Participant: 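Structure below; questions to follow.
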Amino acid sequence: MPKFARVLPDMSLDKTFDYKIPAGMDLRLGCRVRIPFGRTERTGYVVDLVDKSDFPENRLKAIAVNEGHLIPEKMMQLGQWIADYYCTGMIQSVRNMLPAPVRKDKVKEKTQKLLSFAEGIQPPSLVPELEKKYPPRAAVVKALLGLKEAPQALLMKVANVSASPIKSLLKAGILEEEVRHVERDPFGDEEVIISKPLELTDEQTDAFKLITNEMDEEKPATVVLYGITGSGKTEVYLQAIAEALSRGKQAIVLVPEISLTPQTVHRFRSRFGKQVSVLHSGLSEGERYDQWKLISRGETQIVVGARSALFAPFHNPGIIVVDEEHEPSYKQDSHPRYNARDIAVMRGIMDKCPVVLGSATPSFETMNNANQGKYKMAKLTQRPSTAVVPSIKLVDMRTEAAATGSNQIFSRELIESVKQQLHDRMQTILFLNRRGYSTHLTCEKCQYTSKCGDCSTSHTYHRKSNVLICHLCGDIKEPPTKCPDCGHKDLSFSGLGTEKIERLCRGVFPNARIARMDSDTMTRKDSHKTMLGDFQQGKYDILIGTQMIAKGLHFPRVTLVGVVFADAGLNMADFRAAERTFQLLAQVSGRSGRGDDAGRVLIQTYNPTHPALQCALEGDFDAFYEDEKMGREVMKFPPFSKMVLIHFRGPEEGPLASLASDFSQHLSKACTKDDRLMPAVPSPIEKVRGQYRYQLTIFSDNIRRLVRVLNWLRLNYKAPKEYKIIIDVDPQSLM
DNA sequence: AGCACGCCGACT
DNA sequence: GTCGGCGTGCTC
Ligand SMILES: [Zn+2]
Ligand SMILES: [Zn+2]
């Protein structure tokens, strides 16, 4: 055992302190300890074990208590990597790896009182006499003969008695009570019938073999499982996981929060039963605590969960699955701003286990890694023969405008189709391809959006100063007073919203029952679920919404999906606009129909030749990838460079702008030819909750070096009071 | 980050 | 006289 432990106190101090290790204390990296600190005692984490200290060794204090090993050694290494790469302090990274209830350790172990017969009691012999005098007590004894031991509530139910006969039996010394620790059960009383592994198709077998072969490699590769909707990715995961378990290892399954439904968890529980634990935001503090402890004690072998489940404290994971790997929600939007998909790959390297990235529409970065040979690739292209796919059609709104004499929001074809749906008592989803806040100036009629020629990115409209700004290069432009394409005078800042579509809809279909879902109407946390539930039960005919209604796409009575303006997504000021639009349309088109009618998808657009739309229409992912590759290579957008976004926040605009440009100056001194430092600009959303926002973008061919520079600035560049500098490496949102 | 020390003003 | 404002400095 080394002489000293380097300890990180659990407060936002982010400095380590060395301590003597008392004789006989078995410390490892990742232990939680109590340390004397100043004149008090506090909690900390052991981050290093050393034989020499920089501090005068005779002044070192000793660790007070070892509270136990919370974080596996390799995860401490992972935590340090995250802190370095995403430019945060180690303490934030360590905290991030522990669920709040575990870190605060305020959760009480749940206990249950179990009733059983007292020792030395011959219960059957008691029954005849009790039956004469106290029939309820006899019922309790008879019930407990079968149960052997039971909590009071269950005993009352089985014996069909009140609490009093049990109390009497306890008093008489016939029953005794034992207090025992139990785990809180997040699964309710759900009965699980264990399912047998399904027979794999040839493609699934190939995928399975590709993954499991990696388990024997010294340096297991990451495998992309590219499988169209309904092609059976999950069965491949399940059998690969079984293989990892058979080698005495554990498995981590990440699923995007919104896909983490009881049905998803059930798929895993019905194969692996009690070996499965879950970690997600729907758990109570106590449940989360218990699930984490089960994993930590090695009592479960599999975890299914959202982003943070990646930090499940398994000591020897044998496989890590990231389902729907393209989902932007894998990126955390607070410090440390890690992407769980990328960190999964990193954990796979550290734990020497294969990582499986599954998706029907892999992200461009992942495809690129696969095509460059960094990742291996397995494809699932077949659906069961019983599956039906919807018919997809692009509706050219330019010819629609020519035919009707003016620009329209709804094409005649869409209107007729909806009317038919209403007549047939079938349901319709009207989809607005928008993500978050609209920040560009768009022609309401023809969807024209001004773009920066240098950066092929939409200009951002800033209402206060009435200018268009390119948020990458800072190019400033006067907004046009009328649409350069169609001459329309209303160029709208907010873009077409769901509200307006609802209004129009009520006008065109006055008798239809219409529901609208967006982040404005969905204030309560579960109102989203409620409305989807109501829609599924047929309480509405038409559902209007953005991304968040994606789940409804799979409801069987939804046989028409109208994408109102596919262009809205393409015009977002984000180099991933085309990719996101393609993924969304592919998802809409891939809706798995059951029964005989998968229905129709109508995609309205002013830009029908756009590759993202054409390729989605034809389901041609490879063609889309090739086209997108050209665009990104020319611009050197990620993954052909790395991107860092730096946010500046503060209460006054002038000082904030100065801060941003001053920081930029300091940064530019440390930049090399490998870095492209863009000017500081006001953020697309200039002000949020009284805080002004500026941002600056850096592209780099040497991210490790850039990150070292940024870490140095983070520690040494002091922003004025009330002003914040936030570093976001590999951003998913450019706002 | 906490927490103490410390050095000034305003209230009993 | 003492209560309390938060500036400065330290924690192995
Ligand atoms: Zn530009
Ligand atoms: Zn126009």
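Every value quoted in this text rests on a predicted model; they were computed, and no experiment measured them.
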Participant: Would you indicate, yes or no, if dC10(C) has its OP1 or OP2 atom less than 4.0 angstrom from a side-chain nitrogen or oxygen of Arg39(A)?
Facilitator: no
Participant: Using a heavy-atom cut-off of under 4.0 Å over every strand shown, decide if Pro56(A) touches base, sugar-phosphate, or nothing.
Facilitator: nothing
Participant: Are any of the side-chain nitrogens in Asp84(A) or Arg708(A) under 4.0 Å away from the carboxylate oxygens of its partner?
Facilitator: no
Participant: Is it true that the side chains of His326(A) and Ser359(A) contain a donor and an acceptor less than 3.5 Å apart?
Facilitator: yes
Participant: Go through the side-chain N and O atoms of His462(A) and Glu686(A) and say whether any donor and acceptor fall under 3.5 Å apart.
Facilitator: yes
Participant: Rounding to an integer number of Å, can you tell me how far Leu60(A) CG sits from dC12(C) C1'?
Facilitator: 6 Å
Participant: So which nucleotide from dT11(C), dC12(C), dC3(B) ends up closest to the side chain of Leu13(A)?
Facilitator: dT11(C)
Participant: May I have the distance from Arg6(A) (atom CZ) to dT11(C) (atom C1'), rounded to whole angstrom?
Facilitator: 16 Å
Participant: So if I take every side-chain heavy atom of Arg59(A) and compare against dT11(C), dC12(C), dA1(B), which nucleotide ends up nearest?
Facilitator: dT11(C)
Participant: Measure from the side chain of Phe17(A), starting at C-beta and using heavy atoms only, and say which of dA1(B), dC12(C), dC3(B) lies closest.
Facilitator: dC12(C)
Participant: With no hydrogens and no angle check, do the side chains of Gln77(A) and Glu73(A) hold a donor and an acceptor under 3.5 Å apart?
Facilitator: no
Participant: Quick one: Tyr45(A) OH to dC12(C) P, roughly how many Å, whole number?
Facilitator: 19 Å
Participant: Taking any heavy-atom pair under 4.0 Å as a contact, classify Phe55(A): base, sugar-phosphate, or nothing.
Facilitator: base
